[in-house]
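Nothing here was measured: the structure is a model prediction, and the numbers come from that model. Just so you know, residue 1 is the first one in the sequence shown, and it goes up from there.
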Amino acid sequence: MVGIGADGWEGLSPAAREAVTEAEVLLGSRRQLDLVPEPSGLRVAWPSPLLPALPGLLAEYADRSRCVLASGDPMFHGIGATLAKLLGPERLEVIPRPSSVSLACSRLGWPLQETRVVNLVGRAVDNVLAALEPGARLLVLGSDGTTPSKVSELLTEHGFGRSELTVLENLGSERELRHRTIAAELREHTGPLHVLAVECRAEDGPRESLDRFRTVGAPGLPDDAFEHDGQLTKRDVRVTTLARLAPSPGGLLWDVGAGAGSVAIEWMRASPACRAVAVERSAERAERITRNAARLGVPELDVVRGAAPEALRDLERPDAVFIGGGVTTPDVLRTCTEALAPGGRLVVNAVTMESESIVSDWYGRLGGELVRIGVEQAAPIGGFTAWRPAMRVTQWAVTKR
């Protein structure tokens, strides 16, 4: 696999050129294939859609030497990771070029390790919202030339219209260009291959309106960051819930009886690689979860409308399960427990005496951790201040053996 930049054939190392010219079959996008001289072997342009066709395409040429062209570093948001899964990493030889992100940081003078990358290739622009934070530096990889205008519109809508945008086009080539503006002033941009750099700057205004952008990667969004009808795992309890669920990159969470979807949403915000399924029987709440997920930067949250346990039957096996509602429904807890692989984590929050009784019984059988959480908030009473208690929550957390 050879990484190729916008400078094309001239930018390839001798080893990369040799890999391209000696391959019996050269595969890549039409743009990438056009960057190299006509090889002696067969050249094959990727079909669309690519992923469903890829296994058959690789099998078709399995008895011939193959070289795949990829943009920049194939293992950075490129096809390299997909091929490593399909073929096994031991069957790949990768010759990378600097990635577009490395080139962008070198042009801007940004430390790469302090810059967050948001990949919008084939993904909704709302994913940018999960990375927004005053002072943050983002590099956005776009699907097409319309990405800068879509991102600028989103930033302006959510109070970041003062953010500085730099569109870096054709990085690494003689046609390299740079356009700089602020989000509120960028109306249209349909340029060619590019990376969008964003220096996040919030508008002046009430600090409360930006609270949901001040906890990137950490749990604890304020309750009013979510649209809800009262069925919400409140902030203080949510933090302890997520601490025990322990989000990990690539991990899949079932949020059963999701309500407003707050736990699933914060699980996904913990890492771009975290995945979640929110299961909710109410159509109105399911729609609300979808809106919350988009607004808080995780539009890929999978919302399943249906009642547990039936709605859980065909779901992918989870790494963690949270039951926020419906624990008294027969077989819900058993189905969730059986679905978990060894090492999987289960957290149940119980409020009623009936649900607490069920949780206590399972704790007696499987062990784990059983805690009671009480939260009181100061509130005005007349001209004075007093503590106003919320309903106590009994929380059971267990790791499956």
If only atom types and distance count, is the side chain of R285 paired as donor or acceptor with the main-chain N or O of A258 below 3.5 Å? no

Main chain of I358, side chain of D361: is a donor-acceptor contact present, judged purely on distance under 3.5 Å? no

Taking only Lys NZ, Arg NE, NH1 and NH2, and the carboxylate oxygens of Asp or Glu, determine whether E280 and R288 approach each other closer than 4.0 Å. no

Take V101 and L112, measure what side chain to side chain contact (heavy atoms under 4.5 Å, CB included) needs, and give me the verdict at the end. CA-CA 8 Å; V101 166; L112 182 58; 3.3 Å; yes

Taking T290 for its side chain and A286 for its backbone only, find out whether a donor-acceptor pair lies under 3.5 Å. yes

N/O donor-acceptor pairs under 3.5 Å from side chains in residues 6-16, not counting sequence neighbours:
{"from": "D7", "atom 1": "OD1", "to": "R97", "atom 2": "NH2", "distance (Å)": "3.2"}
{"from": "D7", "atom 1": "OD2", "to": "R97", "atom 2": "NH2", "distance (Å)": "2.7"}
{"from": "S13", "atom 1": "OG", "to": "A16", "atom 2": "N", "distance (Å)": "3.2"}

Partner residues of A45 under the side-chain contact (heavy atoms from CB on, under 4.5 Å) criterion, sequence neighbours left out: R30, L33

Return the minimal non-hydrogen interatomic distance between A278 and L301, and the atom names on each side. N-CD1, 4.1 Å

May I ask you to decide if P98's main-chain N or O and S102's side chain share a donor-acceptor pair within less than 3.5 Å? no

Once salt bridge (Lys or Arg N to Asp or Glu O under 4.0 Å) is applied, what residue pairs with a partner in residues 387-400 remain, sequence neighbours excluded? none

Can you confirm whether V125 sits close enough to T147 that some side-chain heavy atom of one is under 4.5 Å from a side-chain heavy atom of the other? no

Only distances under 3.5 Å count here; give the side-chain donor-acceptor pairs of residues 370-377 to other protein atoms, sequence neighbours excluded, each with its distance to 0.1 Å.
{"from": "R372", "atom 1": "NH2", "to": "E356", "atom 2": "OE1", "distance (Å)": "2.9"}
{"from": "R372", "atom 1": "NH2", "to": "E356", "atom 2": "OE2", "distance (Å)": "2.9"}

Looking at G297, is its backbone amide N or carbonyl O close enough to the side chain of D126 to form a donor-acceptor pair, meaning the two atoms are under 3.5 Å apart? no

With a cut-off of 3.5 Å and sequence neighbours excluded, list every side-chain donor-acceptor pair involving residues 67-90.
{"from": "S71", "atom 1": "OG", "to": "R31", "atom 2": "NH2", "distance (Å)": "3.1"}
{"from": "S71", "atom 1": "OG", "to": "Q32", "atom 2": "NE2", "distance (Å)": "3.0"}
{"from": "D73", "atom 1": "OD1", "to": "M75", "atom 2": "N", "distance (Å)": "3.0"}
{"from": "H77", "atom 1": "ND1", "to": "N119", "atom 2": "ND2", "distance (Å)": "3.2"}

Does E114 pair with R137 as a salt bridge, N-O distance under 4.0 Å? no

Would you say the side chain of L129 lies within less than 4.5 Å of the side chain of L296, judging by non-hydrogen atoms? no

D223: partners by side-chain contact (heavy atoms from CB on, under 4.5 Å), with sequence neighbours left out: L232, K234, R235, R238

Heavy-atom count check: over 12 atoms from other residues, nucleotides or ligands less than 6.0 Å from R281 CZ? no

Which residue pairs satisfy the side chain to side chain donor-acceptor pair (under 3.5 Å) criterion with at least one member in residues 337-354, sequence neighbours excluded? T241-N349, R334-E338, N349-Q395, T352-S355

Would S149 and T146 count as having a side-chain donor-acceptor pair, cut-off 3.5 Å? no

Which residues share a side-chain contact (heavy atoms from CB on, under 4.5 Å) with A390, sequence neighbours left out: none

Quick one, L108 with L168, criterion side chain to side chain contact (heavy atoms under 4.5 Å, CB included). Give me CA distance, side-chain angles, the key distance, then yes/no. CA-CA 10 Å; L108 297 167; L168 301 112; 4.2 Å; yes

Count the heavy atoms of every other residue, nucleotide or ligand shown that sit under 6.0 Å from CD of E199, and state whether that count exceeds 12. yes

Test of understanding: with salt bridge (Lys or Arg N to Asp or Glu O under 4.0 Å), list the residues that count as partners of E300, not counting sequence neighbours. R123

Note, L253 side chain near C274 side chain (heavy atom, < 4.5 Å): no

Is there a side-chain contact between V298 and N127 in this structure, where contact means two heavy atoms from C-beta onward sitting under 4.5 Å apart? no

side-chain contact (heavy atoms from CB on, under 4.5 Å) filter on C200, not counting sequence neighbours, yields L132, A136, L138, F160, S163, V198

If I compare all heavy atoms of A320 with all of W267, which pair ends up nearest, and what's the gap? CB-CH2, 3.8 Å

Are any side-chain N or O atoms of S357 and backbone N or O atoms of M353, one a donor and one an acceptor, separated by less than 3.5 Å? no

Run the side chain to side chain contact (heavy atoms under 4.5 Å, CB included) test on V348 and L346 for me, step by step, so that the C-alpha distance in whole Å, both residues' side-chain angles and the decisive distance to 0.1 Å come before the verdict. CA-CA 7 Å; V348 183; L346 172 70; 4.1 Å; yes

A side-chain contact here means heavy atoms from C-beta on lying under 4.5 Å apart; do I323 and V332 qualify? yes

Any heavy-atom pair between the side chains of L139 and L196 that's under 4.5 Å? no

Does anything in residues 48-65 pair up under side chain to side chain donor-acceptor pair (under 3.5 Å), and if so which pairs, sequence neighbours excluded? E24-S65

Between R244 and E369, does any side-chain N to carboxylate O distance fall below 4.0 Å? yes

Would you find a donor on one side and an acceptor on the other, under 3.5 Å apart, between the side chain of N170 and the backbone of E176? no

Heavy atoms only: give me the nearest G5-L35 pair and the separation to one decimal. O-CD1, 3.7 Å

Which pairs with one or both residues in residues 301-330 pass side chain to side chain donor-acceptor pair (under 3.5 Å), sequence neighbours excluded? R275-E316

Would you mind reporting whether V151 and L120 have side-chain heavy atoms less than 4.5 Å apart? yes

Keeping W396 on the side-chain end and G367 on the backbone end, is there a donor-acceptor pair under 3.5 Å? yes

I need the single residue from L315, I289, V256 that forms a side-chain contact (heavy atoms from CB on, under 4.5 Å) with V304. Which is it? L315

Ignoring hydrogens and geometry, is there a side-chain-to-backbone donor-acceptor pair from S271 to S248 under 3.5 Å? no

Check: L155 and L165 side chains under 4.5 Å, non-hydrogen atoms: yes

Closer than 3.5 angstrom, by distance alone: can the side chain of E266 be matched with the main-chain N or O of G220 as a donor-acceptor pair? yes

Do you know the tightest heavy-atom contact between A311 and V279? CB-CG1, 3.8 Å

C336/L312 under side chain to side chain contact (heavy atoms under 4.5 Å, CB included): CA gap, chis, key distance, verdict: CA-CA 8 Å; C336 291; L312 308 175; 3.8 Å; yes

